[in-house]
Enquirer: 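Handing you a structure now.
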Amino acid sequence: SYAIHPLINILGISVAASVTSPLVVGLGIIALLASWKVGSFYVTGAREAKRLESTAKSPIFDLVGSLLTGLPTIRAFRREGAYLTRMYDLIDTHCQALWHRRLFSCWVEFWLSLVGAIVCLPIDLLIHTNRLVCLRRNNGLRRDPHTRRSLGRLRTQLRAGNVQQH
């Protein structure tokens, strides 16, 4: 039931969008394909960055494990400084790999945002140039009786000149 409800929601939204404006559905399909392409680029690079990060993290755990078993020996021979230097070097190496993985995440966020903006721009232009009148007409505002009355009063006041337009 957890998978069926979102699936029915997506299906309902797709049907409603295709009935009201097939042009928006076409732009949505283009956005889906562009997002898929960006995602495939991301997966190939991010998989390698994740592997590098995991490889850089493994020696840290190994060093901590050897510290726990050999702590008395390290203290007896006063090798704390050598241990700390080695640990900081390993942490630096891990952080470099982690930085690359984070860079991939920021890269995909940027490109997916760019795809969304490119898709929203023509839809917004179509709505504001009255090419997609069905989106304005069927947005639900005019069907609500309270909104219809308040819009009617506002229209009357505008015609009478009682309300200033900005």
Side-chain angles (χ1 to χ4, degrees), residues 1-61 88-166:
S1 76
Y2 291 110
I4 293 173
H5 188 266
L7 196 62
I8 291 173
N9 279 343
I10 291 172
L11 184 64
I13 290 169
S14 300
V15 169
S18 64
V19 168
T20 58
S21 178
L23 182 63
V24 174
V25 173
L27 288 171
I29 290 172
I30 291 171
L32 180 67
L33 293 175
S35 299
W36 188 17
K37 190 69 172 173
V38 168
S40 68
F41 282 137
Y42 168 74
V43 166
T44 55
R47 187 178 296 134
E48 191 66 25
K50 179 67 177 165
R51 185 189 64 77
L52 285 173
E53 189 219 348
S54 296
T55 303
K57 193 187 310 183
S58 177
I60 294 173
F61 292 132
Y88 288 143
D89 290 341
L90 289 174
I91 289 173
D92 286 343
T93 304
H94 174 258
C95 287
Q96 289 172 356
L98 184 65
W99 181 83
H100 284 94
R101 193 168 68 99
R102 179 68 184 138
L103 183 66
F104 275 108
S105 296
C106 291
W107 179 86
V108 78
E109 288 173 12
F110 169 76
W111 281 102
L112 288 178
S113 297
L114 189 65
V115 166
I118 289 172
V119 169
C120 287
L121 181 69
I123 293 173
D124 189 43
L125 288 175
L126 288 171
I127 289 172
H128 287 295
T129 57
N130 289 327
R131 301 277 187 233
L132 289 177
V133 178
C134 60
L135 283 179
R136 287 180 154 186
R137 206 176 325 133
N138 294 331
N139 63 5
L141 291 176
R142 295 187 182 176
R143 293 183 183 189
D144 182 26
H146 300 292
T147 307
R148 190 180 310 150
R149 277 192 297 260
S150 62
L151 284 175
R153 276 189 239 131
L154 181 63
R155 200 174 300 122
T156 306
Q157 290 175 351
L158 285 173
R159 285 184 190 138
N162 297 338
V163 177
Q164 289 182 341
Q165 292 181 354
H166 295 215

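These figures come from a predicted structure and were not determined experimentally. Computed over heavy atoms, backbone and side chain alike; hydrogens, waters and symmetry mates excluded. Residue numbers run from 1 in the order of the sequence given.
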Enquirer: Which atoms form the tightest heavy-atom contact between Tyr42 and Ser105, and what is the distance?
Expert: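 Result for this residue pair: OH-OG, 3.7 Å.
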Enquirer: Determine the minimum heavy-atom distance between Val38 and Trp107, stating which atoms define it.
Expert: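 Residues Val38 and Trp107, closest heavy atoms: O-CZ3, 4.0 Å.
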Enquirer: Measuring from atom OG of Ser54 to atom NZ of Lys50, what distance do you get when rounded to the nearest 0.5 angstrom?
Expert: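 Spacing of OG (Ser54) from NZ (Lys50) equals 4.5 Å.
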Enquirer: Atom CH2 of Trp99 and atom SG of Cys106: how far apart are they, to the nearest 0.5 Å?
Expert: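 One gets 9.5 Å once the value is rounded to the nearest 0.5 Å.
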Enquirer: Check Val115 against Ala34 and note the closest heavy-atom contact, atom names and distance.
Expert: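 For Val115 and Ala34, the tightest heavy-atom pair comes out as CG1-CB, 3.9 Å.
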Enquirer: Mind checking the CH2-NZ spacing from Trp111 to Lys37? Nearest 0.5 Å is all I need.
Expert: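 If we round to the nearest 0.5 Å, Trp111:CH2 and Lys37:NZ are 13.0 Å apart.
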Enquirer: Give a yes or no on whether the backbone of Thr55 and the side-chain of Ser58 come within a donor-acceptor separation of less than 3.5 Å.
Expert: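 Answer holds: no.
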Enquirer: State the SG-CG distance between Cys95 and Leu90, to the nearest 0.5 angstrom.
Expert: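 If we round to the nearest 0.5 Å, Cys95:SG and Leu90:CG are 11.0 Å apart.
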Enquirer: How long is the straight-line distance from CG of Leu32 back to CG of Leu27, given to the nearest 0.5 Å?
Expert: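 Result: 12.5 Å between the selected atoms.
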Enquirer: For side-chain contact (heavy atoms from CB on, under 4.5 Å), just list the numbers for Leu52 and His100, CA-CA rounded to whole Å, side-chain angles, deciding distance to a tenth of an Å, and then say yes or no.
Expert: CA-CA 9 Å; Leu52 285 173; His100 284 94; over 6 Å; no
